[in-house]
There are 2 protein chains.
Amino acid sequence: MNVRLRLRRNALSDPSNPADPTDPTLTSPGTARPEAVALPAPAATVTLTEVAAAAGVGESTASRVLRNHGSFSAATRERVLEAAARLGYVPNRIAGTLASAGSNLIGILIPSLTNIVFSDVLRGANAVIDAAGYQAVVGVTDYDPRREEALVTSMLAWRPAAMMLAGLEHSERTRLLLSASGARVAELLDLDGPGMDLVVGFSNEGTGEAAARHLLARGYRRIGYLGRDFARDIRAGKRYRGFVSTLAQAGLSLVDEEFLGSGSSVGAGRTGTQALLSRSPAIDALYFANDDMAIGGYFHCLASNIAVPERLALFGHNALDVGRFAPRPLSTVRTPRVSVGETGARLLLDGAPAQVVDLGFELIDGATS
Amino acid sequence: MNVRLRLRRNALSDPSNPADPTDPTLTSPGTARPEAVALPAPAATVTLTEVAAAAGVGESTASRVLRNHGSFSAATRERVLEAAARLGYVPNRIAGTLASAGSNLIGILIPSLTNIVFSDVLRGANAVIDAAGYQAVVGVTDYDPRREEALVTSMLAWRPAAMMLAGLEHSERTRLLLSASGARVAELLDLDGPGMDLVVGFSNEGTGEAAARHLLARGYRRIGYLGRDFARDIRAGKRYRGFVSTLAQAGLSLVDEEFLGSGSSVGAGRTGTQALLSRSPAIDALYFANDDMAIGGYFHCLASNIAVPERLALFGHNALDVGRFAPRPLSTVRTPRVSVGETGARLLLDGAPAQVVDLGFELIDGATS
DNA sequence: CTGAAAGCGCTAACAA
DNA sequence: TTGTTAGCGCTTTCAG
């Protein structure tokens, strides 16, 4: 069954999808606009001047009432509020911001929306930002420093109150733009390196070390790694480094490793595990770049009747729900993703001094190791 | 192991986290700002006037060059561009927008960031929006119409070029604000009801009907349902309606059903399946509100040695990767989430006439039914 | 091809 | 407590 692109040309002429006939937007189809930066001029909007006139007061008085700032009599207040409501006044923050300096916009740049890590961070940050009356402007960099730079440029054009970025690695120009803008900056999710201003996260190297220590303590000695290209995910590379260096301290090195390209993480985990196992059957434990891949590996084991962890131990990263509720809870590391977003946003809004905040992590001793 | 809240007070005094000593933002700690709407005034920024002066041309000429609009000599162009680069000029879009009317902001309101459905839509929309030189301002409504209304209000204050909302259900005032604003509106992910302007999605009732037809065709007759509160997820309710009405047409009704509260979807799926099965052991197939829950149910079956689909068939919704790569691929419905975001954004930017676009869905005949 | 001048809608002194 | 007056930084006529 495949019901694709059944496109009804106009809602108005389609009785099966009754549209509200009183809605003016439906009656004005608009024309094609190939050039992007020229959308319809908004319908004539009510301005503060009109509200003031309708209320019979001066502009500044109306402004004061509407912002509840400064002084005015109860009577004026009443009249202004009534007029604003009656006219359907929606303040123009663009004008407001220009006049007063300082927007309520906060720029957030994340590498990806596919990866739950970043949507969690975004969720945490947005909750705080929103509660404080600010608004999040989000950009997705696709793990590309040049896209990050471009997004920083265009966001800075909106004079955001602050900026939040993922990680500590940025182009020189990005750093320059940011520091020249005077906006506060929070760098999230990584502690392993120098930051610009606020740094909130946990040590990725640390999580790798912890994972290695855990597997070593459990007696595993023939360990493999399954991950992705580190150029794309720098923090996974830091975890790998921590993991490998801890193995080295125990006089060990990875038995085998596999780096897969793009595509589904779960799928990559499944096929990668199969590949590793057939290439290096002696492997007794696998460290994955993240839980998605680890779950894929777990699925391979289930499908191929490989005993976990007796024959093969699995260790992930992130503590996703799907691993937590698997028949055998996945051994992994819980990272404080939502708190990272929340804390970063809060410190920014509180005007906290430049500092590094380590939110730590927690090793989850599941049933797959 | 639990490494929590190790908070280093100041990056500058912490040798273990070497900060860039040349970065000025690090040397000015800033002071506490309890009142949110008063972040630091941005550092003195270069204005167009200064660029023009430095280049020895008039403001309007500089403006024309910088926007590459209107006419100017190659020589002037050179001088202006050089001056802008030298001074590190970052155009102020707030002023630009105020002067010219029409921002490049597009407001996107989604119910949740936890649910991959909405991050997929956001991802699709953002890709198009971004490529066209616009910027996404996102808000999360938490499935609450009043929060949606509040967010619409504050977004409209930024005079967005367009707005994108999830679903067709909105408060009367939300509708009013939107249509009064003159901004184009796209409602996403649902077709089952009247829309305001652009409507892009698929029929949720249709997916429910398809799921029911599929299970009936497979011979299942004792069917149960596992989901969440419909007040929260209206579209899940529509799927349920489609499902149940199709069963009714076959003279059947649900054997049992369970509605779980909040918390992990996978976890809810697992415990809910267990509950349903012990309460109504005769159930031979389970329809889930989404794949996360279905995977939870599948995990329960794996853990309890319940043969899938021989003893119990499972049917989900959304076609997530995790179901696709499970030992037995999950039977589900693939929804065009990313396309919904992309298409909505593109139609908005193209100034397409008000219409309903049905992107359809695809039933995935997996191995769990 | 270029510059002067008039706002965009609002806020912020400053008087009254 | 209220109104008047300058701008915020930019775009946009409209002359030159």
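Chain identifiers are assigned alphabetically (A, B, ...) following the order of the sequence lines, protein sequences preceding nucleic acid strands; residue numbering begins at 1 within each chain. Only a predicted model underlies this, so the values are computations on that prediction, with no experimental measurement involved.
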What integer distance in Å separates [X]:[atom1] from [N]:[atom2]?
{"X": "A/Phe72", "N": "D/dT2", "atom1": "CZ", "atom2": "C1'", "answer": "12 Å"}
{"X": "B/Leu66", "N": "C/dT2", "atom1": "CG", "atom2": "C1'", "answer": "16 Å"}
{"X": "B/Glu50", "N": "D/dC8", "atom1": "CD", "atom2": "C1'", "answer": "13 Å"}

More than 12 heavy atoms from other groups under 6.0 Å of [atom1] on [X]:
{"X": "B/Arg346", "atom1": "CZ", "answer": "no"}
{"X": "A/Arg77", "atom1": "CZ", "answer": "no"}
{"X": "A/Glu78", "atom1": "CD", "answer": "no"}

One character per nucleotide, please: for nucleotides 7-16 of chain C, 5' to 3', B when the base has a protein heavy atom closer than 4.0 Å, S when only the sugar-phosphate does, - otherwise. BBBBBB----

Judged by modelled atom types alone, do A/Ser63 and A/Arg67 share a side-chain donor-acceptor pair under 3.5 Å?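 A pair is found: one side chain offers a donor N or O, the other an acceptor, under 3.5 Å apart.
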
Between A/Arg123 and A/Ser119, is there a side-chain donor-acceptor contact under 3.5 Å, judged purely by atom types and distance? no

Working for salt bridge (charged side-chain N to carboxylate O under 4.0 Å, His left out), residues A/Arg86 and A/Glu82: CA-CA 6 Å; A/Arg86 181 162 46 81; A/Glu82 183 275 330; 2.8 Å; yes

Contact class for B/Ser71 (heavy atom, under 4.0 Å): base, sugar-phosphate, or nothing?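 Since a base atom lies under 4.0 Å of B/Ser71, the category is base.
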
So, is B/Thr76 near the phosphate of C/dC1, with a side-chain N or O under 4.0 Å from OP1 or OP2? no

